[in-house]
Amino acid sequence: MEYMTIAGTGLRPSRIGLGTWAIGGWMWGGPDDENAVAAIHRALDADVTLIDTAPAYGQGHAEEVVGKALAGRRNRVIVATKVGLEWNAQGEVTRNASAARIAKEIDDSLRRLQTDYIDIYQIHWPDPNVPMEETATAMRSLYESGKIKAIGVSNFSLDQMDNFRKFAPLHTVQPPYNIFERDAEHDVLPYARAHDLFALTYGAICRGLLSGAMSPSTVFGGDDLRRVDPKFQPPRFAQYLRAVARLDDLARARFGKRVIHLALRWVLDAPGVGAALWGARKPSQVDAISGAFGFSIDAQTRAEIDRIVAQEVPDPVGPEFMAPPEEVHR
Ligand code: NAP
């Protein structure tokens, strides 16, 4: 495992973080707590010390599973959770980063996670209907009280981060980033380097696409978001899968690895990345971790990866479909 310090904090997490959105079940076809707890334990045994979760993942459920899995091991783990989304009785999620919402959510998260502090507390999505000063000041007072050890934002633009930093310290940033979704390398990652922010990038294997385990006949059940994710619809799904097959050949030929290891390493080797978040939810899925270490991606291989993606995916699409709606809530 590799570790990296978060500037301005005493935190030094593992560079692979276990993401728990799928563990919450919501938008991933339902939860499976037994496998989820086993996956978390397997990750800890593989020296992962960073776990990313959020209240919205299963509307509290992912945090509860993490709390249960970490009982007795809390101090060995850096827990990152989020704030600033809310949901109604129908399970519809909207943004709310008001001071009142933050004050309520911190206590709910601490209870569900069975802890009295959060290591990294992140605004999940920017909320244009709340003044940034209100959101940032609420986060700063949690930081000053010791309830949270680091402040983060997720899915923020550079202007939004500039604005936030006028009112509160900022330690981490969480954008999407993987071989197929690269916008962050043009804006958020250079910004993170310039301002000494630790980037926890999400979706390392592009919602499973870069695992190498999918085929054209893979189907997704229940409320699985991949039923509406534009990457997983024809004709694009077949194009992305062809790129994955060629990336797998490249990983085998150059490094004796598989595409999942290449995808994780590719994120870890990108300038400005602190940790790659990866959403394994079964213990067997976690076993790929060790394969991400012991090699690095040279410039020639990086260029070859770019070529493969450009040739196979003529009409790429990003993760924008995941953005929750903005709503005036007061
Ligand atoms: P991901 O890590 O790219 O993909 C996760 C999915 O890939 C899993 O649910 C699993 O799906 C499949 N998978 C994982 N390991 C596998 C393996 N070894 N073999 C085969 N399939 C495997 O996507 P993600 O979960 O969306 O992103 C990672 C984390 O980032 C999240 O859990 C969350 O913590 C964070 N995140 C944050 C935001 C944000 O707005 N801040 C947004 C998205 C994600 P199946 O079990 O169905 O195959």
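Read the numbers this way: they start at 1 and go in the same order the structure lists the ligands and their atoms. Starting from 1, each residue takes its place in the sequence as its number.
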Neighbouring protein residues of ligand 1 - any heavy atom closer than 4.0 Å: G19, T20, W21, A22, W28, D52, Y57, K82, H124, W125, S154, N155, Q174, Y202, G203, A204, I205, C206, R207, G208, S211, A213, R226, I260, L277, W278, G279, A280, R281, Q285

Cation-pi, W87 ring and R101 (6.0 angstrom, 45 degrees):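 Output yes; distance and angle both within limits.
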
Partner residues of Q233 under the side chain to side chain contact (heavy atoms under 4.5 Å, CB included) criterion, sequence neighbours left out: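 None.
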
Residues forming a side chain to side chain contact (heavy atoms under 4.5 Å, CB included) with A39, sequence neighbours excluded: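 Per chain and number, A39 pairs via side chain to side chain contact (heavy atoms under 4.5 Å, CB included) with P283, V286.
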
D119: which of K149, R12, R74 passes salt bridge (Lys or Arg N to Asp or Glu O under 4.0 Å): R74

Pair listing, salt bridge (charged side-chain N to carboxylate O under 4.0 Å, His left out) test, anchored in residues 30-42, at least two apart: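 Output for this query lists R42-D287.
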
Aromatic centroids of Y177 and W266 separated by under 6.0 Å: yes

